[in-house]
**Q** 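Can you read through this structure? Questions will come right after.
Quick caveat: nothing in here was measured; it's all calculated off a predicted structure. Numbering of ligands and ligand atoms starts at 1, following listing order.
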Amino acid sequence: MVSTAKTILVTGGSRGIGRAVSILAGQRGWSVGVNYAGNEKAAQETVQAVHKAGGRAIAIKGDVAIEADVIAMFDATEKAFGKLDGLVNNAGVVAPTADLADMPLERLKRLFDTNILGSVLCAREAARRLSTRRGGKGGGIVNLSSVAARLGSPNLFVDYATSKGAIDTLTLGLSKELGPEGIRVNAVRPGIIETDIHASAGEPDRAERLGKTAPLGRAGTAEEVAEAIIWLLDDASSYVNGALLDVAGGR
Ligand code: NAP
């Protein structure tokens, strides 16, 4: 099968896994809407890297948990590149490690708003625009879950693991709901990957330290996760739907 150049929206595309996905898409000659929450400099660096790789990109500021922002980021991507083929539902946050009994309400709200509500709103917007039943051309959605969804992350961040369990369920349900409408929906479940996210959990050395405990003996890179995500969006994976693909070094 000959793969066609895609236009995708990557939420949280400014840093980490989202940045690696954007750059790999650029290497394929794809066009990318690079969404970010507040880090304009990082987003512009990603855009430049996509251009250098051979693709097209624009930076789009917006909070995935705000409905109007989500609509605007889809509009901006379609306006810039004339079409949309896929969504990488990647934006996600974690908070400092703690027992659930010690987690304040505000933390839980922020985490669930970003990781669950944000992902659901973005998936809804993609469904509205891509569904063949609604006049779209079909496409793909890749959701960022985590191995935390099956490990549970006790004494670390049960709230985060819970949010990723919701992403697995969203993926399974939507793959069945949208498959008949021309949209394949899959999830990638990374293990411990070298990005900034560990610093936001108060453990900047987490990837280095815990990576060693994975069967492959090291943390993964954002680029290794990006390979799986781009494959799931590409025509090469045309019969893959509803998969929860672990990219976790066997963890
Ligand atoms: P990261 O390096 O911390 O980057 C997070 C990205 O999300 C940034 O681009 C950030 O934008 C954006 N973002 C945060 N809140 C947002 C919001 N409300 N609206 C829009 N964008 C927002 O994270 P990462 O490690 O690449 O993680 C990416 C995804 O993979 C997440 O869903 C995470 O849960 C999942 N994951 C990561 C690991 C890991 O070990 N790294 C493991 C399993 C799963 P700014 O740059 O503007 O702040």
**Q** Please classify the Ile17 to ligand 1 contact at 4.0 Å (heavy-atom distances, strictly less than): side chain, backbone, both or neither.
**A**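 Both parts.
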**Q** Do the charged groups of Lys61 and Asp69 touch, with an N to O distance under 4.0 Å?
**A**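 Here Lys61 does not pair with Asp69 in a salt bridge, since their nearest N and O are not under 4.0 Å apart.
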**Q** How does Ala219 reach ligand 1, if at all, at less than 4.0 Å between non-hydrogen atoms: by side chain, backbone, both, or neither?
**A**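 Neither part.
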**Q** Quick one: does Lys61 get within less than 4.0 Å of ligand 1, heavy atoms only?
**A**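 Per 4.0 Å heavy-atom rule, Lys61 does not contact ligand 1.
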**Q** I need the nearest protein heavy-atom contact for atom 14 (C) of ligand 1: residue, atom name and distance, please.
**A**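 Protein heavy atom at minimum distance: Val93 CG1, 3.9 Å.
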**Q** If you measure every N/O of Asn39 against every N/O of ligand 1, is any gap under 3.5 Å?
**A**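 In this structure, Asn39 places an N or O atom under 3.5 Å from an N or O of ligand 1.
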**Q** What is the closest protein heavy atom to atom 10 (C) of ligand 1, and at what distance does it sit?
**A**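 Of every protein heavy atom, Arg15 NH2, 3.8 Å lies nearest to atom 10 (C) of ligand 1.
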**Q** For a 4.5 angstrom cut-off between non-hydrogen side-chain atoms, does Arg128 reach Glu125?
**A**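 They are in contact (side-chain heavy atoms under 4.5 Å apart), so the answer is yes.
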**Q** Where's the contact between Ala42 and ligand 1, heavy-atom distance under 4.0 Å: side chain, backbone, both or neither?
**A**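 Looking at Ala42 and ligand 1, no heavy atom falls under 4.0 Å.
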**Q** Please report which non-hydrogen protein atom sits nearest to atom 40 (O) of ligand 1, along with the residue it belongs to and the distance in Å to one decimal place.
**A**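 Protein heavy atom with the smallest distance to atom 40 (O) of ligand 1: Ile193 N, 2.9 Å.
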**Q** Can you tell me which residue and heavy atom of the protein come closest to atom 19 (N) of ligand 1, and the distance to 0.1 Å?
**A**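 Here the closest protein heavy atom is Val64 N, 3.1 Å.
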**Q** Ignoring hydrogens and geometry, is there a side-chain-to-backbone donor-acceptor pair from Ser153 to Val158 under 3.5 Å?
**A**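 Checking the backbone N and O of Val158 against the side chain of Ser153, no donor-acceptor pair under 3.5 Å is found.
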**Q** Is it the side chain (CB and beyond), the backbone, both or neither of Asn35 that lies under 4.0 Å from ligand 1, heavy atoms counted?
**A**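 Looking at Asn35 and ligand 1, just side chain atoms fall under 4.0 Å.
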**Q** Considering only heavy atoms, which of Gly92, Ala59, Gly18 lies nearest to atom 5 (C) of ligand 1?
**A**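 Among Gly92, Ala59, Gly18, the closest heavy atom to atom 5 (C) of ligand 1 belongs to Gly92.
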**Q** Answer yes or no: does atom CZ of Arg110 have more than 12 heavy-atom neighbours from other residues, nucleotides or ligands under 6.0 Å?
**A**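 No.
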**Q** Using a 4.0 Å heavy-atom cut-off, say whether Lys164 meets ligand 1 through its side chain, its backbone, both or neither.
**A**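 Contact part for Lys164 vs ligand 1: side chain (C-beta onward).
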**Q** Which protein heavy atom lies closest to atom 18 (N) of ligand 1, and at what distance to 0.1 Å?
**A**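 Nearest neighbour among protein heavy atoms for atom 18 (N) of ligand 1, to 0.1 Å: Asp63 OD1, 2.9 Å.
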**Q** I'd like to check Val21 versus Asn90 (side-chain heavy atoms, cut-off strictly below 4.5 Å). Are they in contact?
**A**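 With C-beta onward as the side chain, the pair stays apart.
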**Q** Under 4.5 Å between any side-chain heavy atoms of Leu178 and Asn241, yes or no?
**A**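 Side chain of Leu178 against side chain of Asn241, heavy atoms only: no contact under 4.5 Å found.
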**Q** By the definition side chain to side chain donor-acceptor pair (under 3.5 Å), identify the one residue from Lys41, Gln48, Glu40 that meets it with Gln44.
**A**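 The single option meeting the side chain to side chain donor-acceptor pair (under 3.5 Å) with Gln44 is Glu40.
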**Q** With heavy atoms only and a cut-off of under 4.0 Å, state how Arg19 meets ligand 1: side chain, backbone, both or neither.
**A**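 Neither; no heavy atom under 4.0 Å.
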**Q** Specify the protein heavy atom at minimum distance from atom 34 (O) of ligand 1: its residue, its atom name, and the distance to 0.1 Å.
**A**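 The closest heavy atom on the protein side is Tyr160 OH, 2.6 Å.
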**Q** Using side-chain heavy atoms (C-beta onward) and a distance below 4.5 Å, is Leu87 in contact with Arg129?
**A**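 No - every pair of side-chain heavy atoms lies 4.5 Å or more apart.
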**Q** Against heavy atoms of Ser145, which atoms of ligand 1 measure under 4.0 Å?
**A**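 Numbered from 1, ligand 1 contributes 44 (C).
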**Q** Answer yes when Asp168 and Arg150 have at least one side-chain N-carboxylate O distance shorter than 4.0 Å, and no when they do not.
**A**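 No.
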**Q** Polar-atom distance check: Ala65 versus ligand 1, any N or O pair below 3.5 Å?
**A**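 Between Ala65 and ligand 1, no N or O pair is found under 3.5 Å apart.
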**Q** Do ligand 1 and Gly12 have nitrogen or oxygen atoms that lie under 3.5 Å from each other?
**A**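 So ligand 1 has an N or O lying under 3.5 Å from an N or O of Gly12.
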**Q** Regarding atom 38 (C) of ligand 1: of the candidates Gly191, Cys122, Ser146, Ser163, which has the closest heavy atom?
**A**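 It is Gly191 whose heavy atom sits nearest to atom 38 (C) of ligand 1.
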**Q** Note the single closest protein heavy atom to atom 41 (N) of ligand 1, along with its residue, its atom name and the distance in Å.
**A**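 Nearest neighbour among protein heavy atoms for atom 41 (N) of ligand 1, to 0.1 Å: Thr195 OG1, 3.1 Å.
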**Q** Under 4.0 Å, heavy-atom basis, I'd like to know which part of Asn115 is in contact with ligand 1: side chain, backbone, both or neither.
**A**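 Within the 4.0 Å criterion, Asn115 makes no contact with ligand 1.
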**Q** Report, as yes or no, whether the 6.0 Å neighbourhood of atom NZ on Lys176 holds more than 12 heavy atoms from other residues, nucleotides or ligands.
**A**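 Result for NZ/Lys176: open.
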**Q** Lys164 versus Phe157: any side-chain heavy-atom pair under 4.5 Å?
**A**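 No, every pair of side-chain atoms sits at 4.5 Å or beyond.
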**Q** Give the intermediate values and the outcome of salt bridge (charged side-chain N to carboxylate O under 4.0 Å, His left out) for residues Glu67 and Arg124.
**A** CA-CA 10 Å; Glu67 185 180 35; Arg124 185 187 72 174; 2.5 Å; yes
**Q** Does the N or O separation between Gly38 and ligand 1 drop below 3.5 Å for any pair?
**A**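 Indeed, backbone or side chain, Gly38 has an N or O that close.
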**Q** Report yes if Ala37 has an N/O atom closer than 3.5 Å to an N/O atom of ligand 1; otherwise report no.
**A**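 Yes; the residue has a nitrogen or oxygen that sits under 3.5 Å from a nitrogen or oxygen of the ligand.
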**Q** State, without any angle test, whether Asn39 and Ser14 hold a side-chain donor-acceptor pair at a distance under 3.5 Å.
**A**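 On atom types as modelled, these side chains do not qualify, holding no pair under 3.5 Å.
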**Q** Taking Arg209 first and then Asp205, would you say they form a salt bridge - that is, a charged N and a carboxylate O separated by under 4.0 Å?
**A**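 Answer for the salt bridge query: yes.
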**Q** Would you kindly say whether Lys6 and Thr4 are connected by a side-chain donor-acceptor distance under 3.5 Å?
**A**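 Yes, a side-chain donor-acceptor pair sits under 3.5 Å.
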**Q** Consider every N or O of Tyr36 and every N or O of ligand 1, then say whether any pair is closer than 3.5 Å.
**A**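 No; the residue has no nitrogen or oxygen that sits under 3.5 Å from a nitrogen or oxygen of the ligand.
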**Q** Number the atoms of ligand 1 from 1 as they appear, then name those within less than 4.0 Å of a heavy atom of Gly16, with their elements.
**A**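 Counting atoms of ligand 1 from 1, those under 4.0 Å from Gly16 are 2 (O), 26 (O).
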**Q** Determine whether any heavy atom of Gly62 lies closer than 4.0 Å to an atom of ligand 1.
**A**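 Per 4.0 Å heavy-atom rule, Gly62 contacts ligand 1.
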**Q** Judged on heavy-atom distance to atom 29 (C) of ligand 1, which of Val10, Asn90, Val88 sits nearest?
**A**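 The nearest heavy atom belongs to Asn90.
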**Q** Between the side chains of Arg56 and Ser31, does any donor sit under 3.5 Å from an acceptor?
**A**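 Short answer, yes.
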**Q** Can you tell me which residue and heavy atom of the protein come closest to atom 8 (C) of ligand 1, and the distance to 0.1 Å?
**A**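 Protein heavy atom at minimum distance: Ser14 OG, 3.6 Å.
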